[in-house]
Amino acid sequence: MPIEVTSSIFDNIENAKVGDTIESEEPFRFKTIAINGPAGKAIPLFTSKERMEEAGANVSCIAIFTEDLAGMLKQTGDDYNEVAINPFTTKSLGMPLEGFLNIF
């Protein structure tokens with residue numbers, strides 16, 4: 001799942017050296033990157049690094065179990081209308097958010 005890191009943990013990472021340890025009291029925070037789908041705001045999901053590369057998604061990402069993602073999406077309310085799996089690729093699938101959540 002593509003994300004945008006909102007924590008300041010990595011703000012000075014370009015000055016880190018190999019082997020450095022980055023510590024912070026701040027929790028790791030991120031927000032999902034949404035795209036515009038046919039039914040409105042969509043959350044993009046990719047099944048592999050290769051599908052992300054095919055889509056031109058050169059962003060940070062996290063690997064997450066779909067059941068955990070469904071739990072997160074249930075808490076966001078009406079933020080999204082659909083789930084887009086492998087968007088902008090030759091192997092894409094879109095589905096309404098409600099249908100995705102009903103699987104779990």
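Reckoned from all heavy atoms, side chains included, excluding hydrogens, waters and symmetry mates. For reference, positions follow the sequence shown, starting with 1.
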Would you say [X] and [Y] make side-chain contact, with heavy atoms under 4.5 Å?
{"X": "Asn58", "Y": "Met52", "result": "no"}
{"X": "Arg51", "Y": "Lys91", "result": "yes"}
{"X": "Leu101", "Y": "Leu73", "result": "yes"}
{"X": "Asp20", "Y": "Asn15", "result": "no"}
{"X": "Glu50", "Y": "Thr89", "result": "no"}

Who are the ring pair (Phe, Tyr, Trp, His ring centres under 6.0 Å) partners of Phe104, not counting sequence neighbours?
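Residues passing ring pair (Phe, Tyr, Trp, His ring centres under 6.0 Å) with Phe104: Phe100.
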
Counting only pairs under 3.5 Å, give me each side-chain donor-acceptor contact of residues 28-43, with atom names and distances, residues two or more places apart or in other chains.
residue	atom	partner	partner atom	Å
Arg29	NH1	Glu26	OE2	3.1
Arg29	NH2	Glu26	OE2	2.9
Thr32	OG1	Tyr80	OH	2.2

Run Ser92 and Asn86 through side chain to side chain donor-acceptor pair (under 3.5 Å) and show every step you take.
CA-CA 5 Å; Ser92 64; Asn86 295 326; over 6 Å; no

Give the minimum heavy-atom separation between Glu54 and Thr90, together with the two atoms involved.
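What the structure gives for the nearest pair is OE2-N, 2.8 Å.
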
Note: Pro2 and Val59 closest approach over all heavy atoms is CB-CG2, 3.6 Å

Is there a path of hydrophobic side-chain contacts, each under 4.5 Å between heavy atoms of I/L/V/M/F/W/Y residues, joining Ile3 to Phe46?
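No, Phe46 does not connect to Ile3 through the hydrophobic network.
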
Using a 3.5 Å distance criterion without hydrogens, assess whether the side chain of Asp68 forms a donor-acceptor pair with backbone atoms of Ile64.
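No, the answer is negative, given that no donor and acceptor are paired below the 3.5 Å cut-off.
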
I need the single residue from Leu69, Leu93, Thr66, Leu97 that forms a side chain to side chain contact (heavy atoms under 4.5 Å, CB included) with Val83. Which is it?
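For Val83, the side chain to side chain contact (heavy atoms under 4.5 Å, CB included) test succeeds with only one of Leu69, Leu93, Thr66, Leu97, which is Leu97.
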
